[in-house]
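FYI, side chains are in, hydrogens and waters are out, and symmetry mates aren't considered; it's all heavy atoms of this structure. Residue indices begin at 1 and follow the sequence shown. These numbers were taken from a predicted model, which means no experiment stands behind them.
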Amino acid sequence: GDEAVAGRLGVDPGDLRDVIYTRRRARVDDIVGHVLSASDEDLSLATRISRIMLEPLTGIPLLLVLLAAVYVVLGQWVAGGVVGFTEGTLMAGYWEPFVRSLIESFSAPGTAPHILLAGEFGVLTMTPTYLIGVILPLVSGFYLLMALLEDSGYLPRIAALADRALTGLGLNGRAVIPLILGLGCVTMGTLTTRILGSKRERFIATALMAIAVPCSAQIAVIATLMGRVGGWYAAVYLTVLLVIFVGVGTLLNRLTPGASTDLLIDLPPLRLPRIGNVAKKTAVKVWGFMREVALFFLAGATLISVLDLTGALAVIQTTATPLTVAWLHLPPEAATAFVMGFVRRDFGAAGFFAMDLSAVQLLVAMVTITLFVPCIASMMVIFKERGWRYLLGLFSGSVGFAFLLGGLLTRALEVVA
């Protein structure tokens, strides 16, 4: 049976199919290598471009240019222009004053209904402003760019290009897919780790996404906030995350027992994206994401408002003062943002919108909230996929690591500044 064969080969029965496929592919490649020779003559333009994308000397600079373009489009044009209009002009300029005047017609400021519905964390003020004014345009931009990459056939080539780099982290190029999907939503990325060939790879990829990969909605908020302090601080933020990503992945690769699988992936032909396909993919993913996130934003706003009404929020801020003020050098109300981060990662980042922070404080806050625990939805999926021991270790490790690094980064930046 399969278990007996797997035992002779020294692999898990669940990995037997991949082992057989790999050995068959190696045999086919050996035969082909003896009877065929490659030629660069009469190659189509798409084939030549594909080879450029896959060759490290040309593919890596091309990928860096692409990432820079994504940052400009998402972080500057959409975050600066579109969000500036939707969040500042439409929501803060028209919607919030309208809601407050409506609520004040039957409930005076400072009363429980007013605080709950139209206060600083109001269900009818802050929630729609963040959802429609900030999250919606930036998530739409992110999924639009991802749909273009996927429909063009470039996304699998990124996986092939990244294979060698990810091998050092205990993964292979196929892990690019859940990692990139994790940029959309860690919940979705965690579910997609099922495509990876071993439990070891799924273990490592899930931890990396939960610790060092911000979701698209969080990226949206962070891009808007980092736009206030300039490109240098944004570059430091990205560099810190990259170093952490590589460092954590390398450490997990050395400490996690077992072996990773080889990359087995089909490369579809390059083609111009079809507008209809791109539009449908974008619309479906944005609608699904917003429908899911709206409930958590609503629950988060209600929770924070209730904590504010009962005085529990002040207690939390006082309790967290040694961390937020003495260690991270942030305002006491930063504790509120971290509480919101338990509900949604992006909700936590959005909590820093109204705070008057210096450039150093903002950078430290964004790094810490990014490394902070994933949202409730992600934690539930991680619990389902990996078990309670994994979740408990990930939760405690990410919280401790986030605040430790945040405090160390604060002191390093204060010395430089």
>> Evaluate Leu270 against Met53 for side-chain contact (heavy atoms from CB on, under 4.5 Å), listing each step before the verdict.
In response: CA-CA 11 Å; Leu270 290 175; Met53 291 177 174; 4.0 Å; yes
>> Test side-chain contact (heavy atoms from CB on, under 4.5 Å) on Glu385 and Thr206; report intermediate values, then the result.
In response: CA-CA 9 Å; Glu385 296 287 312; Thr206 302; over 6 Å; no
> Going through the checks in order, is the side-chain contact (heavy atoms from CB on, under 4.5 Å) test met by Ser152 and Leu148?
Replying inline: CA-CA 6 Å; Ser152 67; Leu148 288 170; over 6 Å; no
> Does the side chain to side chain donor-acceptor pair (under 3.5 Å) test come out yes or no for Arg174 and Thr193, once each step is laid out?
Replying inline: CA-CA 9 Å; Arg174 188 185 294 179; Thr193 58; over 6 Å; no
> What do the steps show when you test Val367 against Leu405 for side-chain contact (heavy atoms from CB on, under 4.5 Å), and what is the final call?
Replying inline: CA-CA 8 Å; Val367 169; Leu405 187 72; 4.2 Å; yes
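For Thr129 and Glu96, the side-chain atoms include at least one donor-acceptor pair closer than 3.5 Å. A donor-acceptor contact closer than 3.5 angstrom links the side chains of Arg157 and Ser50. If you check the side chains of Thr58 and Glu55, you find no donor sitting under 3.5 Å from an acceptor.
Interatomic distance, CG of Leu363 versus OG of Ser358, reported as 9.5 Å (0.5 Å rounding). If you take CG on Asn277 and NZ on Lys280, they are separated by 7.0 Å, rounding to the nearest 0.5 Å. Rounding to the nearest 0.5 Å places CZ of Phe203 at 9.5 Å from CZ of Arg386. Between Leu252 atom CG and Ile211 atom CD1 the span is 7.0 Å, to the nearest 0.5 Å. Note that CG of Leu309 and OG1 of Thr302 are 11.0 Å apart. Values are rounded to the nearest 0.5 Å. Taking CD1 of Ile132 as the reference point, atom CG of Leu90 lies at 9.5 Å (rounded to 0.5 Å).
Annotation: side chain of Glu150 is not in contact with side chain of Val278 (no heavy-atom distance under 4.5 Å). Contact annotation: the side chain of Arg411 approaches that of His329 to within less than 4.5 Å [non-hydrogen atoms, C-beta and beyond]. Annotation: side chain of Leu267 is in contact with side chain of Leu54 (closest heavy-atom distance under 4.5 Å). Within the 4.5 Å cutoff, the side chain of Pro331 has heavy atoms near those of the Leu357 side chain. By the 4.5 Å heavy-atom criterion applied to side chains, Leu371 and Leu241 are counted as neighbours. Put simply, the side chain of Leu328 does not reach to within 4.5 Å of the side chain of Leu323, judged on heavy atoms. Side-chain contact between Phe352 and Gln361 is absent, with no heavy-atom pair separated by less than 4.5 Å. Using a 4.5 Å cut-off on side-chain heavy atoms (C-beta onward), Tyr233 and Met226 make contact.
Counting non-hydrogen atoms of neighbouring residues, nucleotides and ligands closer than 6.0 angstrom, the CG atom of Leu272 reaches no more than 12 such neighbours. With a 6.0 Å radius and a threshold of 12 heavy atoms from other residues, nucleotides or ligands, Arg274 has its CZ atom at or below the threshold. Surrounding CH2 of Trp95 are at most 12 heavy atoms belonging to other residues, nucleotides or ligands under 6.0 Å away.
In terms of heavy atoms, Val246 sits closest to Leu169 at O-CD2, 3.6 Å. Shortest non-hydrogen contact noted between Gly406 and Val364 is O-CG1, 3.6 Å. Here the shortest heavy-atom pairing between Gly173 and Leu166 reads CA-CD1, 4.1 Å. A pairwise comparison of heavy atoms in Leu394 and Ala210 identifies CD2-CB, 3.5 Å as the closest pair. In terms of heavy-atom proximity, Met209 sits nearest to Thr190 at CE-N, 3.7 Å. The minimum heavy-atom distance between Pro137 and Val82, with the atom names listed, is CB-CG1, 3.6 Å.
Checked against the 6.0 Å centroid criterion, the rings of Phe383 and Tyr390 do not qualify as a close aromatic pair.
In this pair, Phe403 and Phe338 present their aromatic rings tilted. The plane angle is within the 30 to 60° band.
At distances below 3.5 Å, at least one donor-acceptor pair connects side-chain atoms of Ser396 with backbone N or O atoms of Gly393. In this structure, Thr256 contributes its side chain and Asn253 its backbone to no donor-acceptor pair below 3.5 Å. No side-chain donor-acceptor contact under 3.5 Å links Thr127 to the backbone of Leu124.
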